[in-house]
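Structure first, commentary second.
Just so you know, ligand 1 is whichever comes first in the structure, and atom 1 is the first atom listed for that ligand.
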Amino acid sequence: MDFSYFNQVSTPSYVIDERLLKANLEKLHGVMKETGCSILLAQKSFSHYGSYPLISKYLSGTTASGLFEAKLGKEYMGEKEVHIYSPAYKEEDFAEIMQVSDHIVFNSPTQWEKFKGMVADFSKKTQKKMSCGIRVNPEYAKVETECYNPCGLYSRLGVTKKVIDTMDLTGIEGLHFHTMCEQNSDVLAETLQVVEEKFSHVLPQMKWINFGGGHHITREDYDTNTLIKCIRHMQDTYGLKVYIEPGEAIALNAGFLVSTVLDIVENGRSIAILDTSAACHMPDVLEMPYRPEVIGAGKLGEKPYEYRFGGPTCLAGDIIGDYSFDAPLKVGDRVVFCDMAIYSMVKNNTFNGMPLPAIYRYSEEEGLILAKQFGYEDFKERL
Ligand SMILES: *Cc1c(COP(=O)(O)O)cnc(C)c1O
């Protein structure tokens with residue numbers, strides 16, 4: 001594949017490579033075709049709606065964490081399904097939520113009791129078919145980072161077996177669980193077993209089950225056969241329609257963040273200051289935390305020329321990571337970070353007056369397109 005666009009874009013910028021996105025979508029579509037399940041884009045991870053026309057050719061629709069994401073899904077993938085789950089809906093948003101959503105998943109008995117009358121009235125008035133579900137917490141997750149564990153101590157996400165057994169489920173058509181993070185299908189199989197242990201008594205009343213996100217389906221070592229077995233098991237045992245709503249898996253490794261070396265300073269080691277910031281442009285590097293891959297670079301000790309990469313903000317901890325290269329870096333060189341389509345542009349910010357990276361798309365048909373460019377006004381208008 002030709003990546004000469006790395007030298008053609010302005011920096012800093014995100015580039016979404018639709019050739020790579022398409023390869024992911026083909027794999028996901030394969031699972032849909034083989035099982036009859038529906039796969040939705042969780043917009044939390046990736047909301048560049050310029051790529052929604054491509055995504056809508058392969059997936060069943062989008063899922064949202066609130067009104068704005070749901071509206072975006074409706075607006076740009078409108079002929080497809082819009083699902084929504086939120087830890088708590090606001091009354092003033094709810095009419096609009098019903099207008100745009102096909103599935104509404106509630107987080108608690110109180111939220112369900114509060115809104116179920118509105119759903120019934122709206123359906124009667126508009127003839128719009130909506131399906132309501134409840135998120136369950138199976139109290140089982142193999143997520144090591146507590147910040148990403150929806151089944152941790154005192155988790156607010158989903159109802160436990162103890163709570164669901166106190167509920168009147170009349171009108172609830174589906175169960176939703178989301179307990180995984182960047183995991184393979186062995187964890188899904190284990191999780192499903194716990195979901196069945198705890199909730200199989202309500203499954204016969206349900207029409208669908210949503211396996212949530214966190215399935216790393218497009219990762220090279222992902223075991224698709226086990227996923228397919230899990231889907232078929234729920235279809236065959238309970239007659240359920242199965243939904244999956246991955247975020248990461250959809251645009252995994254399908255984008256880059258291209259930056260330029262602004263300066264190289266010395267203090268115990270060589271530190272390259274880039275025109276991109278971990279804190280502003282790839283916050284997961286600090287939050288997760290993790291060290292993003294850089295094209296042509298190795299770990300410390302692998303190659304002779306070593307650099308720490310830092311951002312141009314005043315935050316001492318705005319450090320991206322340590323890297324080694326075959327040749328010395330110099331001011332003006334380009335540095336390309338991998339896997340930057342997901343959880344990047346949806347989370348970026350203008351802290352310290354940092355400019356937001358531009359967004360480019362590359363596709364075979366259209367070549368390189370500058371989709372978005374940001375400037376001083378974008379910084380100013382939020383303050
Ligand atoms: C975050 C989230 C997803 C997507 O998760 P990924 O890890 O990006 O696959 C799906 N559903 C819900 C409810 C989520 O909170």
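When only interatomic distances are considered, the shortest N/O to N/O separation between Glu248 and ligand 1 falls below 3.5 Å. Remark: ligand 1 and Ala249 share no N or O pair separated by less than 3.5 Å (distance only, no angle test). Close N/O approach between Ser45 and ligand 1 is not found [any backbone or side-chain N/O within under 3.5 Å]. In terms of polar-atom proximity, defined here as any N/O pair under 3.5 Å, Ala42 makes no such contact with ligand 1.
Heavy-atom proximity to His176, at under 4.0 Å, picks out these atoms of ligand 1: 13 (C). Heavy-atom proximity to Gly214, at under 4.0 Å, picks out these atoms of ligand 1: 5 (O), 6 (P), 7 (O), 9 (O). Atoms of ligand 1 found under 4.0 Å from any heavy atom of Pro246 (numbered from 1 in listed order, with element): 9 (O). When each atom of ligand 1 is checked for a heavy atom of Gly213 under 4.0 Å away, the hits are 4 (C), 5 (O), 9 (O), 10 (C), 11 (N).
Nearest heavy-atom pair across Met288 and Thr145 is O-CG2, 3.8 Å. Closest heavy-atom contact between Val159 and Ser108: CG1-CA, 3.9 Å.
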#### Entry: Stepwise side chain to side chain donor-acceptor pair (under 3.5 Å) check, Tyr52 with Gln43
CA-CA 10 Å; Tyr52 283 14; Gln43 295 176 91; 2.7 Å; yes
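Ligand 1 is never approached by Cys181 to a heavy-atom distance shorter than 4.0 Å. A heavy-atom separation below 4.0 Å is not found between Glu182 and ligand 1.
Considering only residues two or more places apart in sequence or on other chains, Glu377 meets the salt bridge (Lys or Arg N to Asp or Glu O under 4.0 Å) condition with Lys380. Not counting sequence neighbours, Lys33 has no partner by the salt bridge (Lys or Arg N to Asp or Glu O under 4.0 Å) test.
Scanning the protein for heavy atoms near atom 13 (C) of ligand 1, the closest one is Glu245 OE2, 3.5 Å. The single protein non-hydrogen atom nearest to atom 15 (O) of ligand 1 is Lys44 NZ, 2.8 Å, given as residue, atom name and distance. Counting protein heavy atoms only, atom 8 (O) of ligand 1 is closest to Tyr343 OH, 2.6 Å.
Ring geometry for Tyr89 against Phe106 counts as perpendicular: the plane angle is over 60°, on a 0 to 90° scale with 30° as the lower cut.
Side-chain contact of Thr160 with Asn137: a donor-acceptor pair under 3.5 Å is absent, judged by distance alone. With 3.5 Å as the limit, one finds no donor-acceptor pair spanning the side chains of Glu173 and His103. In this structure, a donor-acceptor pair under 3.5 Å is present between the side chains of Ser38 and Lys241.
At a heavy-atom cutoff of 4.0 Å, ligand 1 is contacted by no atom of Met180, backbone or side chain. Of all the heavy atoms of His178, the ones lying under 4.0 Å from any atom of ligand 1 belong exclusively to the side chain.
Between Tyr307 and Tyr323, the ring center distance fails the sub-6.0 Å criterion.
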